[in-house]
Number of protein chains: 2
Amino acid sequence: MIGLNEVARAAGVSPATASRALHRPELVALRTRERVEQAAAELGYRPNVLARGLRTRGSRTIGLIVTDILNPFHATIAKGVQDTAEAQGYTVLMFNSDEQPGKERRALETLHGHLPMGLIVVPTAQTRENLAIVDGLPTVELDRASGKEGAHTVMVDNVAGAREAVTHLTELGHRRIGMIAGQQDISTARERLQGYREALELAGLPYDDHLVLPGNHREPDGRLAALRLLSKRLPPTALFVGNNEMTVGAVLAARELGLDIPRELSIIGFDDSRWAQTMSPALSVVSQPAYALGQLACQHLLSVIAGQPMPESVRLPTQFIQRQSTGPVMTVQA
Amino acid sequence: MIGLNEVARAAGVSPATASRALHRPELVALRTRERVEQAAAELGYRPNVLARGLRTRGSRTIGLIVTDILNPFHATIAKGVQDTAEAQGYTVLMFNSDEQPGKERRALETLHGHLPMGLIVVPTAQTRENLAIVDGLPTVELDRASGKEGAHTVMVDNVAGAREAVTHLTELGHRRIGMIAGQQDISTARERLQGYREALELAGLPYDDHLVLPGNHREPDGRLAALRLLSKRLPPTALFVGNNEMTVGAVLAARELGLDIPRELSIIGFDDSRWAQTMSPALSVVSQPAYALGQLACQHLLSVIAGQPMPESVRLPTQFIQRQSTGPVMTVQA
DNA sequence: GTGAAAGCGCTAACAC
DNA sequence: GTGTTAGCGCTTTCAC
């Protein structure tokens, strides 16, 4: 490996000067700086970030923990984070928690050993406790809030997004609207349920516990919950589903039951995707700016790292996109 | 940060012994080892991998460069790699090349500074040259071959997969079968085209240049290529598409043209996905074991790192899955 | 079986 | 503006 020593020798300066020339050009005479830069380029010098990190107690590295990289929403978030970090010269160490607090813990432990300068995390149910592992590390919680005091969060306005979607349904005349909600220990799921309740209230409809089923955010759970809701004697005429994966399951369930969408059942999902756009009928959704969410979280984190005062919580708006999966309620069957 | 010094002091031994106790237990008396381990656990000791890496010239880190993390195929591969690496105590540094050799170069340069022990890369068109940056680093090429001499590769049998799919079409009676091929500087695309040709030959059909269009592996290109092929005076009655993203474009194109699948047009895509499974009609595909591919590449790499002799090239089989997007050729129109 | 000492490559403090 | 020196936390000779 070509080290700074070689570069310094080739440029006829001391290693310290070579380091300054590369890292703090303003402290060095223009001439020497040029010599060093040229030598570095010729030798193909690449800084050893391990040595640098050891010395400065912090590599230009940030951690990213998502709950499911196979979920396109998370993959998009990850790309937003990575692109932004890379543009600023940061390297991202990415981990998957698979929604499991234990995996999150291990990820945090591994990360800790890498002396990262910051962390972006999509929290699990135990993030508040787990974050003790990286105590003092600048952290931004993304998409969900762990509930930790004073944590920085970047999220969408889930309440408004859900309210808008469900209001769309009430305005179409639906009065029995089911919801497949996420696990209630996740802030996002709570907020979406809250929006659902608010929309019902606005429409003067009662909240009916039996029409709301939990789900663990994955496809099979969405399917099972939908099957249960739709098999009731008096099934809902519309379904609002709390995340993208469960929506797939719900649509599959509707197909299994031979229900025509939207004639016999209206469905709205949370989070847009290519699948939602191209399935037939195309799915009405509450769309989230996933990429922007990742970008913003990363910028936010870098600002916090830089010591700039930052607002604790940032909310991005969602957008309701009406497609073909929602329609007026059928005239009541005898 | 709790360092090895603190642990050593707490255990009443020297740092050197503490290091040995944790890393080479057999060199240390059982009693002292226990004391050290207990001290480490109590203090919550986490090794500083930067310091260790600096000292041993190589962190327990491997690099992974994929061409598009938003493509579910690549996301799945990444998960396979990560899960496997993590199980062996390795940390993955993941980068996105977006198919751009320039981004790949920068990723390799960044990676180099982290002193990784190995690299898994989904090659771009210039990987052969770019790999000079990490000269000597154990490397496994995944999904595609860069053409570098003696490189380790883990791929699927693209020729057989394509041949099988196209043979399915010829057996259904199709005689004008179009192909949307990937860029021919990518080995995978060349091999799939090769399989297409072999299938035609097996069926005694001539190879017609006009029925084969290139594409840059992304959705819009697939759409445009399909539109061009299907707008011919004598359009193909079936389409074989070289990757998953382009297949989406091709299906959208068919819809735009109002073509009924499979009555008026049969389509087969390469690589399965949830989209392919749930779109209607469900898509017949050549399915690839994406997760296993990632796992295998990682195992292979770790073996190479460990100095075990390894075969240069590994091929996994594909599997043709017939769904509803393929059917017998329509009786010829006047 | 254990400790002392050196050094991985780099940068910050302190001279000059 | 530049060089000298020291040390980040760890592992690894080399003694004992």
Side-chain angles (χ1 to χ4, degrees), chain A residues 1-37 39-40 43-61 89 91 109-117 134 136, chain B residues 1-37 39-40 43-61 89 91 109-117:
Chain A
M1 181 169 196
I2 308 293
L4 206 43
N5 279 306
E6 282 89 322
V7 175
R9 204 175 321 123
V13 296
S14 76
T17 301
S19 169
R20 283 189 283 251
L22 264 24
H23 202 53
R24 319 266 303 264
E26 71 279 11
L27 298 181
V28 142
L30 182 61
R31 293 270 322 277
T32 31
R33 186 177 117 205
E34 285 170 352
R35 285 215 313 283
V36 171
E37 280 172 349
L43 293 170
Y45 168 70
R46 289 268 90 211
N48 180 329
V49 297
L50 269 49
R52 164 145 64 203
L54 181 58
R55 181 64 238 242
T56 60
R57 329 199 85 262
S59 48
R60 272 179 95 80
T61 289
T91 302
E109 285 171 352
T110 301
L111 189 61
H112 181 244
H114 283 266
L115 308 197
M117 320 250 318
V134 291
Chain B
M1 180 168 198
I2 308 292
L4 205 43
N5 278 306
E6 282 89 321
V7 175
R9 203 173 324 125
V13 296
S14 75
T17 302
S19 170
R20 284 188 282 252
L22 264 25
H23 202 54
R24 323 265 305 262
E26 71 277 12
L27 299 181
V28 142
L30 181 61
R31 292 272 320 280
T32 34
R33 185 176 120 208
E34 284 170 352
R35 284 215 314 283
V36 171
E37 279 171 350
L43 294 170
Y45 169 70
R46 292 265 88 212
N48 180 330
V49 296
L50 268 49
R52 164 146 63 204
L54 180 59
R55 181 63 237 246
T56 60
R57 329 198 86 262
S59 49
R60 273 180 93 83
T61 289
T91 303
E109 286 172 351
T110 301
L111 189 60
H112 181 243
H114 283 267
L115 310 196
M117 320 250 322

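Order of the sequence lines fixes the chain letters, A, B, ..., with proteins taken first and strands second; residue numbering starts at 1 for each chain.
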Student: Round to the nearest Å and state the distance from Ile2(B) atom CD1 to dC10(D) atom P.
Tutor: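 After rounding, the reported distance stands at 10 Å.
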Student: Expressed in angstrom and rounded to an integer, what is the separation of Glu6(A) atom CD from dC8(C) atom C1'?
Tutor: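 Whole-Å distance recorded here is 13 Å.
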Student: What is the distance, rounded to the nearest whole Å, between atom CG of Leu54(B) and atom C1' of dC8(D)?
Tutor: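 Result: 9 Å.
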Student: Can you check the Arg31(A) CZ to dT2(D) P distance for me, whole Å?
Tutor: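 That distance rounds to 10 Å.
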Student: Hey, does Ala29(A) reach any base, or is it just sugar-phosphate, or nothing, if we go heavy atoms under 4.0 Å?
Tutor: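 It contacts sugar-phosphate atoms only.
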Student: Can you check whether Arg57(B) has a side-chain N or O nearer than 4.0 Å to OP1 or OP2 of dG9(C)?
Tutor: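 Yes, because at least one side-chain N or O of Arg57(B) sits under 4.0 Å from OP1 or OP2 of dG9(C).
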Student: Taking atom CG of Asn48(B) and atom CG of Leu115(A), what is their separation to the nearest 0.5 Å?
Tutor: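 The distance works out to 4.5 Å.
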Student: Is the backbone of Gly113(B) close enough, under 3.5 Å, to the side chain of Arg46(A) for a donor and an acceptor to pair up by distance?
Tutor: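 The answer is no, because no donor-acceptor pair under 3.5 Å joins these two groups.
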Student: Please check: side-chain N/O of Ser19(A) versus main-chain N/O of Leu4(A), any donor-acceptor pairing under 3.5 Å?
Tutor: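 Flag not set: sc Ser19(A) to bb Leu4(A) has no pair under 3.5 Å.
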Student: Could you check whether any side-chain heavy atom of Leu30(B) comes within less than 4.5 Å of a side-chain heavy atom of Arg33(B), counting everything from C-beta outward?
Tutor: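 Yes. Closest side-chain heavy atoms under 4.5 Å.
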Student: Taking the nucleotide of DNA chain C with the closest heavy atom to each, which residue, Arg24(A) or Gly12(B), is nearer the 5' end?
Tutor: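 Mapping each residue to its closest nucleotide by heavy atoms, the 5'-most match is Gly12(B).
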Student: Rounded to whole angstrom units, what separation is found between the NE2 atom of His23(B) and the P atom of dC10(D)?
Tutor: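 Going from NE2 in His23(B) over to P in dC10(D) covers 12 Å.
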Student: Report which part of the nucleic acid Leu27(B) touches: base, sugar-phosphate, or nothing (heavy-atom distance under 4.0 Å, all strands).
Tutor: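 The answer is base, as Leu27(B) lies within the cut-off (heavy atoms under 4.0 Å) of a base atom.
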Student: To the nearest Å, give me how far apart CG (Asn5(A)) and P (dG3(D)) are.
Tutor: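 Spelled out: CG on Asn5(A) to P on dG3(D) is 13 Å.
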Student: Roughly how many Å is it from CG in Asn48(B) to P in dC8(D), rounded to a whole number?
Tutor: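 Distance check: Asn48(B) CG to dC8(D) P gives 12 Å.
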Student: Is there a side-chain polar atom (N or O) of Thr17(A) under 4.0 Å from OP1 or OP2 of dG3(D)?
Tutor: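 Yes, because at least one side-chain N or O of Thr17(A) sits under 4.0 Å from OP1 or OP2 of dG3(D).
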Student: Do any side-chain nitrogens or oxygens of Arg52(B) fall under 4.0 Å of OP1 or OP2 in dT11(D)?
Tutor: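 Yes, because at least one side-chain N or O of Arg52(B) sits under 4.0 Å from OP1 or OP2 of dT11(D).
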Student: To the nearest Å, how far apart are Leu115(B) CG and dG9(C) P?
Tutor: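 Leu115(B) atom CG is separated from dG9(C) atom P by 9 Å.
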Student: For the backbone of Ala21(B) and the side chain of Thr32(B), can you confirm whether one donor and one acceptor N or O come within less than 3.5 Å of each other?
Tutor: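 Answer holds: no.
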Student: Out of dG3(D), dC8(D), dG9(D), which nucleotide sits closest to the side chain of Ala51(B)?
Tutor: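 Taking heavy atoms from C-beta onward, the closest nucleotide is dG9(D).
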Student: Using the side-chain heavy atoms of Thr56(A), tell me which of these nucleotides is nearest: dT11(C), dT11(D), dG9(C).
Tutor: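 In terms of side-chain proximity for Thr56(A), the closest of dT11(C), dT11(D), dG9(C) is dT11(C).
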Student: Identify, between Arg20(B) and Pro15(A), the residue whose nearest nucleotide on DNA chain C lies closer to the 5' end.
Tutor: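 Nearest-nucleotide comparison on DNA chain C picks Arg20(B).
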Student: Within the pair Thr32(B) and dT2(C), is there a side-chain N or O less than 4.0 Å away from OP1 or OP2?
Tutor: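 For dT2(C), OP1/OP2 do have a side-chain N/O of Thr32(B) under 4.0 Å.
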Student: So, is Tyr45(B) close to the dG9(D) phosphate, meaning a side-chain N or O under 4.0 Å from OP1 or OP2?
Tutor: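 The answer is no; no side-chain N or O of Tyr45(B) sits under 4.0 Å from OP1 or OP2.
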